[in-house]
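Just so we're on the same page: letters track the sequence lines, and every chain starts at 1.
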2 protein chains.
Amino acid sequence: MTTYAVDAWAALADPTRREIFSRLAVRARSVTELASELPVSRPAVSQHLRVLKDADLVRVRPEGTRRIYAADPDGLRAMRAELETFWSAALTTFKMLAEAEPQESE
Amino acid sequence: MTTYAVDAWAALADPTRREIFSRLAVRARSVTELASELPVSRPAVSQHLRVLKDADLVRVRPEGTRRIYAADPDGLRAMRAELETFWSAALTTFKMLAEAEPQESE
DNA sequence: GGTAAACGTAAGTAGTAACTTACCGTTCGT
DNA sequence: ACGAACGGTAAGTTACTACTTACGTTTACC
C-alpha cells in the first residue's frame, strides 16, 4: 500500500532536492530553516518537500506553527535495491567483457 | 580525470534511460537492438546513450558498422556511495526520532 | 479577538528535456 | 565502386519543471 512511490529516482535527480534530503537525513528541520540554508525561496522549498513527500522520502511532524520535516528511509529502500541490482549486474558484465578481450598489450 | 561525471543521478532519473541501462548491465547491445526492444525511435536511443556515456555509465565498442554499448560500473560508483551515505544517515536519524517520541499508544 | 509567524498553494514564466523526422557519414558485402 | 545497414546529429515541437511573487490559512501569543 505504501508502495506507490512517485519515483524516488526522479525526486533525487534535482540537485536542490538532493541537498534538502541530505540535510534532512542528518537532522530534522523546519521549512523556513531549510530555506535559510538554501539559495531558493521558501515556497520553492515547500514545493520540493512535497515531491520528496510523495516519494516517501520525507515525513512531517507539526510543531506549533512550524512543520518539522525528517528523512524517511522508506522511499529509499526500493531505489537502493534497484541500484544494487544494477551495480552487481554491471560489475559481472564488465568483468566478462574484460576477460573476453584481453588486449591492451599488442 | 575520468571523474567529471555529468550527474549519474539525472541520467538515471529518466525511465527510458534507466531501462536502457538495466538492459546493458545484463548484456551488451547495439543501438538498433536496443531501439527494437523499446517504444522509442533509434535516434532517441542514441541521444539517451550519449547522456549515459557522458555520465560514464556506458562504454562503446565499435564492431563493424555497429556500435556495441555496455554498462560501465565507473559512473555508478560515486552515486552508490552517496546513496549509502543518505541511507545510513536517514536510518540513524529515523531511529533517533522514533525513540524520542514513543507515542503511538495513548 | 487582533497580530505576527509559519507554511502551503495558485498563477505565471523561462528554461530544459524528450521525442520525432530528415539528413549525412561510415563500414561492410558483392 | 555501389547499395545497404548502422548510427550520430540537426532542427523543430511539445511537455514538463523549477522558480518567482502574491495570497490565503492556521497556530501561537498578548
Side-chain angles (χ1 to χ4, degrees), chain A residues 4-24 27-72 75 79 101, chain B residues 4-24 27-72 75 79 101:
Chain A
Y4 174 46
V6 183
D7 202 10
W9 291 93
L12 291 180
D14 182 76
T16 301
R17 216 142 48 209
R18 203 155 65 240
E19 179 65 34
I20 290 177
F21 181 76
S22 78
R23 289 173 184 268
L24 293 183
R27 174 171 66 80
R29 286 167 168 84
S30 73
V31 180
T32 301
E33 185 177 2
L34 276 171
S36 73
E37 303 170 346
L38 298 169
V40 295
S41 69
R42 185 192 49 73
V45 174
S46 270
Q47 290 160 13
H48 282 308
L49 286 170
R50 179 144 75 124
V51 175
L52 291 173
K53 191 163 189 304
D54 286 346
D56 282 333
L57 286 165
V58 298
R59 292 196 181 187
V60 213
R61 161 179 42 108
E63 190 169 283
T65 105
R66 296 188 304 172
R67 318 200 77 202
I68 309 300
Y69 281 84
D72 184 348
M79 184 182 179
E101 39 168 325
Chain B
Y4 174 47
V6 183
D7 201 12
W9 292 94
L12 291 181
D14 182 78
T16 301
R17 217 141 49 209
R18 203 155 65 240
E19 179 65 33
I20 289 176
F21 181 78
S22 78
R23 288 173 185 268
L24 293 184
R27 173 171 66 80
R29 286 167 168 84
S30 73
V31 180
T32 302
E33 183 176 3
L34 276 171
S36 74
E37 303 170 345
L38 298 169
V40 295
S41 69
R42 186 192 49 73
V45 173
S46 270
Q47 290 160 13
H48 282 307
L49 286 171
R50 178 143 79 121
V51 176
L52 291 172
K53 190 162 189 305
D54 287 345
D56 281 333
L57 286 165
V58 299
R59 293 196 178 186
V60 213
R61 159 178 44 107
E63 191 169 283
T65 103
R66 297 187 303 173
R67 318 201 76 200
I68 309 299
Y69 281 84
D72 184 349
M79 184 181 179
E101 40 167 323

*Does T16(B) place a side-chain N or O at less than 4.0 Å from the phosphate oxygens OP1/OP2 of dC19(C)?*
yes
*Are the side chain of R17(B) and the backbone of A11(B) linked by a donor-acceptor contact shorter than 3.5 Å?*
yes
*Give the rounded distance in Å between these two atoms: CG of D54(B) and C1' of dG8(D).*
13 Å
*asked:* Is it the case that atom CZ in R27(A) sees more than 12 heavy atoms from other parts of the structure closer than 6.0 Å?
replied: yes
*Give the rounded distance in Å between these two atoms: CG of L52(B) and C1' of dA18(C).*
13 Å
*asked:* Using whole Å, what does the distance between atom C1' of nucleotide dC16(D) and atom CG of D14(B) come to?
replied: 12 Å
*In whole Å, what is the span from the CG atom of L38(B) to the C1' atom of dC19(C)?*
13 Å
*What do you reckon, is CZ of R66(B) surrounded by more than 12 foreign heavy atoms closer than 6.0 Å?*
no
_With nearest nucleotide decided by heavy atoms, which residue, E63(A) or V40(A), maps closer to the 5′ end of DNA chain D?_
V40(A)
*For the helix from dG1(C)-dC30(D) to dT30(C)-dA1(D), figure out the bend between the end axes, five pairs an end, and round to 10 degrees.*
30°
*From D7(A) CG over to R18(B) CZ, what is the distance, rounded to the nearest 0.5 angstrom?*
4.5 Å
_Return the CD to OG distance between Q47(A) and S41(A), rounded to the nearest 0.5 Å._
7.0 Å
*Give the B/S/- string for nucleotides 2-8 of chain C, one per nucleotide from 5' to 3', where a protein heavy atom under 4.0 Å of the base yields B, of only the sugar-phosphate yields S, and otherwise -.*
----SBB
*CD of Q47(A) versus P of dT20(D): gap in Å, rounded?*
9 Å
